[in-house]
Amino acid sequence: QGPGREGSAVSVTAFLLKARAEGKESCNCGLSRRTDTDVHLVLVSKMPEAKTKEALAESEKDSVTAEITPRVRGKNEKWLYRNVNDLEGSYIRVTGYLMLDSKHFPQAQVLQGERINRGLNRATNWEVHPITKLEVCTKSREVCESGKGWQNY
């Protein structure tokens, strides 16, 4: 089944393969301090058995992206990159809104002074962006999938 419309509310459960601190982006007014930028989450249905760079990159091909934005994060210190990256490997649930990240579609024509869009190593350009709720599974995956064992992060 394909994604809903842009702006639809969604919840996604997955393993956090990797958390990344984003850099300057137009959506954050070109600011570059970590507190002013997004935290990019790479979500996968299963963690790779090997933790090699190659295995992680291969797993990322089937990933979905979710992002914590500074405006939604507000003063929540736990949602900063320096803390969220500690959740790598955890089974999590993110709630937020669908956004189609068209910045990664190749342009038919590049205008003078415009940068070429580059594709990404992931399953789709649909993202959960922004995340409005982040929960961590504190029990087994099966218990959490039955609706119990989630803790707000």
Side-chain angles (χ1 to χ4, degrees), residues 1-25 27-28 32-74 76-106 115-153:
Q1 176 178 342
R5 292 183 332 200
E6 189 162 31
S8 297
V10 295
S11 239
V12 175
T13 56
F15 289 96
L16 177 58
L17 180 70
K18 187 78 181 149
R20 292 189 180 108
E22 291 283 5
K24 290 182 185 181
E25 294 181 288
C27 61
N28 293 324
S32 60
R33 292 182 340 174
R34 281 243 170 107
T35 58
D36 298 324
T37 60
D38 295 351
V39 179
H40 179 101
L41 305 180
V42 178
L43 306 176
V44 294
S45 60
K46 66 178 185 170
M47 290 297 291
E49 291 191 27
K51 301 292 188 232
T52 64
K53 191 174 185 178
E54 294 79 17
L56 294 172
E58 188 63 30
S59 290
E60 193 165 345
K61 288 181 182 177
D62 295 323
S63 71
V64 172
T65 296
E67 298 210 15
I68 298 170
T69 65
R71 289 167 195 80
V72 173
R73 174 180 58 236
N76 186 344
E77 288 284 321
K78 286 184 93 175
W79 283 30
L80 294 172
Y81 168 74
R82 69 175 180 249
N83 299 317
V84 173
N85 71 342
D86 290 339
L87 297 176
E88 289 177 1
S90 299
Y91 193 61
I92 65 172
R93 178 166 58 189
V94 296
T95 302
Y97 296 96
L98 274 180
M99 183 195 86
L100 183 61
D101 190 351
S102 60
K103 188 64 181 160
H104 301 290
F105 293 138
R115 281 204 246 163
I116 295 174
N117 291 347
R118 61 180 176 84
L120 296 175
N121 184 26
R122 61 185 186 197
T124 180
N125 280 329
W126 285 98
E127 298 180 358
V128 181
H129 190 161
I131 295 171
T132 56
K133 187 175 188 179
L134 174 59
E135 298 165 283
V136 179
C137 180
T138 61
K139 305 288 183 188
S140 70
R141 179 179 182 172
E142 293 75 24
V143 169
C144 287
E145 287 179 351
S146 75
K148 299 176 184 156
W150 293 107
Q151 180 178 349
N152 281 333
Y153 186 75

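Hydrogens, waters and symmetry mates are skipped; everything else that's a heavy atom, side chains included, is used. One is the number of the first residue; the rest follow in order along the sequence. Quick caveat, the model's predicted, so the values are computed rather than measured.
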Quick one: [atom1] on [X] to [atom2] on [Y], what's the gap to the nearest 0.5 Å?
X	Y	atom1	atom2	answer
Met47	Glu88	CE	CD	7.5 Å
Thr65	Leu43	OG1	CG	7.5 Å
Leu134	Gln151	CG	CD	11.0 Å
Tyr81	His40	OH	NE2	11.5 Å
Glu145	Trp150	CD	CH2	7.5 Å
Arg5	Leu98	CZ	CG	10.5 Å

Within a strict 4.5 Å, meaning less than it, do heavy atoms of the [X] and [Y] side chains meet?
X	Y	result
Tyr153	Ile92	no
Val94	Ser11	no
Val64	Trp126	no
Tyr97	Glu6	no
Ile68	Asn76	no
Leu17	Glu60	yes
Lys133	Arg93	no
Glu67	Glu127	yes

*asked:* Within the supplied structure, the quantity of interest is the number of heavy atoms (other residues, nucleotides, ligands) at a distance under 6.0 Å from Lys53 NZ; does it exceed 12?
replied: no
*Without swapping roles, check the side chain of Thr132 against the backbone of Thr95 for a donor-acceptor pair under 3.5 Å.*
yes
*Is a side-chain N or O of Thr37 found less than 3.5 angstrom from the main chain of Glu22, in a donor-acceptor match?*
yes
Which pair of heavy atoms, one from [X] and one from [Y], lies closest together, and at what distance?
X	Y	value
Thr138	Cys144	N-SG, 4.0 Å
Val39	Leu80	CG2-C, 4.3 Å
Ala50	Ala55	O-CB, 3.3 Å
Val44	Ser59	CG1-O, 3.7 Å

*Using the side-chain contact (heavy atoms from CB on, under 4.5 Å) rule, pick out the option among Leu41, Val72, Thr69 that qualifies with Ile131.*
Leu41
